[in-house]
Amino acid sequence: MTKKDIIRLLENIAVYMELSLENPFKVSAYRKAAQSLETDPRSLSEIDKFDNIKGIGKGTNDVIVEYVETGKSSVLDELKESVPAGLVQMTKISTLGPKKIVKIYKALEIDTLEGLKNACENEEISALPGFGKKTEQNISKAIDDILTRPERYAINQVLRFRDLVEQYLEESGHVVRFDVAGSARRMKETSRDIDYILIVEDVEGFTKNILEQEFVTETVASGDKKLSIIIQDDMQDINVDFRFVTEEEYYSTLHHFTGSKDHNVKMRQIAKDRNEKISEYGVESNGETLTFDSEEAFYNHFELDFIPPAMRETGEETNLDIGEIVTLDDIKGDIHMHTVYSDGAFSVREMVEACIEKGYEYIVITDHSKSLRVANGLDEKRLTAQIKEIRQINAEYDEIDVYSGTEMDILKDGTLDYSDDMLKELDYVIAAIHSSFQQTEEEIMHRLECACRNPYVRHIAHPTGRLIGRREGYPVDMVRLMELARETNTVLEVNANPMRLDINADAMRHQDIKLTVNTDAHHTDHLDFMKYGVATLQKGFVKKDQVINTMTREEFREYINKQK
DNA sequence: GCCGTTTTCGGCCCGACTGTTTTCAGTCG
C-alpha cells in the first residue's frame with residue numbers, strides 16, 4: 001500500500017458522499033484530507049501520526065488507520081451499499097452534478113451511462129420536474145463528449161491549441177490585451193481546458209466575431225463577463241474560456257483565474273488574517289476595493305514576493321524564500337543542443353548566433369554519438385572534425401563561449417559509445433539512454449550507474465526518457481539515481497522540451513542535487529523551450545545555485561577546465 | 001469533517017451563467 005492508495009480512498013469516499021447528498025463541507029473535508037496527504041513530502045512509512053497533518057482530524061484519521069491496518073474501509077463499504085457504482089460514472093458528465101444525478105436515479109432508477117443516454121433519447125428526462133428539453137440535450141451531448149474527448153491534454157497539444165487562439169486574438173483587432181491563465185499559464189504537464197483573461201472594447205462584437213471563426217465548433221456559455229467555447233484542431237477539441245475584465249480588475253482577475261485553487265485558498269487565508277478579502281475583482285480592505293497594476297504589486301500588498309505561476313500549486317509556496325528559486329533570467333547558457341552534424345536543422349554557426357541573440361554567455365554543442373544511426377550520430381572522425389570547427393568558431397565570437405560536447409548513447413549493456421580517449425578531447429560530455437526502453441529497472445539502473453561512474457560524463461540527459469502523453473519512458477529508480485548523482489558528482493537534466501520535462505517536480509522538491517535545464521534544441525525555435533524547463537524546476541522549488549547553467553561565463557569556464 | 005491568537009461553535013469563496021422557473025437551484029471554476 002502506498003500514499004496514493006489512501007488518497008484514492010479518501011477521494012472515492014468524497015464522491016460517494018456527494019452522491020449521498022452529504023453536507024458539502026464534510027465532502028470537501030475528505031477531499032482536503034486527501035490533498036494534505038498528497039502535499040506532505042513524506043512517504044507512507046515515514047508518517048507516524050496522520051492526524052498531526054493539517055487537514056486530517058479524528059474522522060479521516062480513523063478511516064486512514066483502518067485502511068492501512070486492514071486494507072478495507074467500512075465507511076466506503078457502507079456508502080457503496082446505498083449508492084450504485086454507476087452514479088459515480090455519471091459525475092463525469094459536465095452540467096450534471098450530484099443533485100441532478102440523484103433526482104434522476106430516484107425518479108427513474110437509472111444507474112448507468114447507457115441507461116441515461118437511452119432515457120434522454122426516449123425524452124424521459126425532460127418529463128421530470130425541474131428538467132427541460134435543453135437539459136436533456138445537454139446531458140445527451142455531454143455523454144457523447146466523455147466517450148470521445150480525452151480528459152486532459154498534454155502540454156504540447158495545449159500549445160498547438162494556444163497558437164490557434166492567440167494568433168486570432170492578436171490579429172482580430174478586438175482585443176486590447178490578453179493573457180492565458182489557468183493550468184496552461186502554470187505550465188502544468190496536462191490541462192483540461194484553456195483560460196484567457198482579456199480586455200476587449202466591445203464584448204458583443206468580439207463574441208460575434210470569434211464565434212464565426214472556423215476553429216470554433218460550439219458555444220458552451222456566453223455572457224457579459226465570460227465566454228466559453230469548444231475549439232477544434234485537426235481531430236481534437238478542447239474547451240476555451242474567456243473572461244472579459246476592465247483595466248483596473250485585470251491583474252486581480254488574472255491572479256484569480258491562474259489559480260491553482262489551493263493557491264487561491266491559501267492567499268485568501270492570508271488576506272483574511274489581515275481583515276481583508278480577495279475576490280477576482282480586487283482586494284477588499286477597510287470597505288474599499290484595491291486594485292493593482294501588476295501581479296507583483298498584488299503579492300507585495302500581502303508582503304510576499306512575486307510567485308511565478310508555475311509554483312502556484314499547493315499554497316506551500318507562499319512560505320518559501322522565493323528569491324532563491326531559479327528564474328528564466330538566471331539561465332546563462334544552454335548546454336544541450338544539436339546541429340546538422342546529427343539530426344538538428346541548423347549549422348553550428350547558426351545555433352551560436354541564435355544563442356547570442358538570446359543573450360547567452362556560453363553554449364555547448366552536443367550532437368548524437370555513432371550508435372544512434374537514425375539521428376546520423378557522429379563517429380570519431382566526424383566528431384574530431386566538429387571539435388575543430390567549434391574551436392574555430394569559438395575564436396571568432398567575443399560575446400559567447402562555444403564548447404564542444406556530445407550527447408553520447410549509453411548502450412544496452414552499460415558501455416559508452418565513445419572511448420575515454422575520445423571523451424577527453426571534448427569539453428563536455430552528456431550521456432543518455434535512447435535504446436532498449438523495455439529493459440528491467442535493474443538493467444536500466446546498471447546503465448545509468450555506468451554512465452555516472454565514468455569520469456568524463458558530467459550530465460545525464462532526459463533521465464526518464466518519457467514523452468508526455470505519448471510514452472511512459474523506461475523504468476528508473478529516481479531516488480537511487482539521485483543518490484548516484486550526488487555520489488559521483490553527476491548533474492541531472494530537466495529537459496525543457498514540453499514533450500519531456502523530466503524530472504518530475506515532486507522528485508526534485510527539497511533534494512540537494514545538482515541539476516541543469518536545457519532545451520535539447522534541434523531547431524533555433526526550440527531554444528525558446530527554456531521557459532518550460534525553468535517552470536518545471538520552479539515546481540520542484542529548485543534554487544538557482546543548484547542549477548549549473550546559472551553559472552556566469554567565468555564560473556562555467558572554470559567548471560569545464562576542472563575535472564568532474 | 002476540520003479548524004481555532006475573535007477558539008469548542010459556527011463558518012467553511014463566491015460570482016457567472018444556464019435553464020427552468022416566475023425568483024432561484026444547480027453547476028462550474
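A, B, ... follow the sequence lines: proteins, then strands. Residue 1 opens every chain.
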### Query
Can you tell me how far the CD1 atom of A:I503 sits from the OG1 atom of A:T464, to the nearest 0.5 Å?
8.0 Å

### Message
At 4.0 Å (heavy atoms only), tell me whether A:S279 reaches a base, stays on the sugar-phosphate, or touches nothing.
### Response
nothing

### Task
Using distance alone, with no hydrogens and no angle criterion, decide if A:D179 and A:Y250 have a side-chain donor and acceptor under 3.5 Å apart.
yes

### Task
Please list, by residue number, the residues of residues 75-92 of chain A whose heavy atoms come closer than 4.0 Å to an atom of DNA chain B; answer none if no residue qualifies.
none

### Query
Has A:K133 got a side-chain N or O lying under 4.0 Å from the OP1 or OP2 atom of B:dT20?
no

### Task
Indicate whether the side chain of A:Q157 and that of A:D233 have a donor and an acceptor atom separated by less than 3.5 Å.
yes

### Task
If B:dT8 has a Watson-Crick or G-U wobble mate with both distances under 3.5 Å, name it; if not, just say none.
none

#### Entry: Polar side chain donor-acceptor pair, A:D520 to A:N497, under 3.5 angstrom
no

### Task
Tell me which nucleotide among B:dC2, B:dG15, B:dC28 gets nearest to the side chain of A:T60.
B:dC2

### Query
Just checking, any donor-acceptor pair under 3.5 angstrom between side chains of A:S74 and A:E66?
yes

### Residue A:K225, side-chain atoms from C-beta onward, closest of B:dC17, B:dG1, B:dT18
B:dC17

### Query
What nucleic acid atoms does A:D224 come within less than 4.0 Å of, heavy atoms only: base, sugar-phosphate, or nothing?
sugar-phosphate

### Message
Regarding A:K32, tell me which of base, sugar-phosphate or nothing describes its non-hydrogen contacts under 4.0 Å with the strands shown.
### Response
nothing

### Nucleotide of B:dG4, B:dG1, B:dG19 approaching A:T135 most closely (side-chain heavy atoms)
B:dG19

### Task
Establish, yes or no, whether the cationic atom of A:R312 lies under 6.0 Å from the six-membered ring centre of A:F306 and within 45° of the ring axis.
yes

## Note on the structure
Ranking B:dG19, B:dC17, B:dT18 by distance to the side chain of A:K134, first place goes to B:dG19

### Task
Give A:P129 one of three labels, base, sugar-phosphate or nothing, depending on what nucleic acid heavy atoms sit under 4.0 Å from its own.
nothing

### Task
Taking atom types as modelled, find out whether A:N138 and A:T135 have a side-chain donor-acceptor pair closer than 3.5 angstrom.
no

Can you pull every protein N or O that's under 3.5 Å from an N or O on nucleotides 10-14 of chain B?
{"from": "B:dC13", "atom 1": "O2", "to": "A:R268", "atom 2": "NH2", "distance (Å)": "3.3"}

### Query
After noting the C-alpha distance and the side-chain angles of A:H256 and A:Y281, does the key distance pass the side-chain contact (heavy atoms from CB on, under 4.5 Å) rule?
CA-CA 9 Å; A:H256 179 88; A:Y281 300 117; over 6 Å; no

### Message
Please report the distance, rounded to the nearest Å, between CG in A:D193 and P in B:dC28.
### Response
12 Å

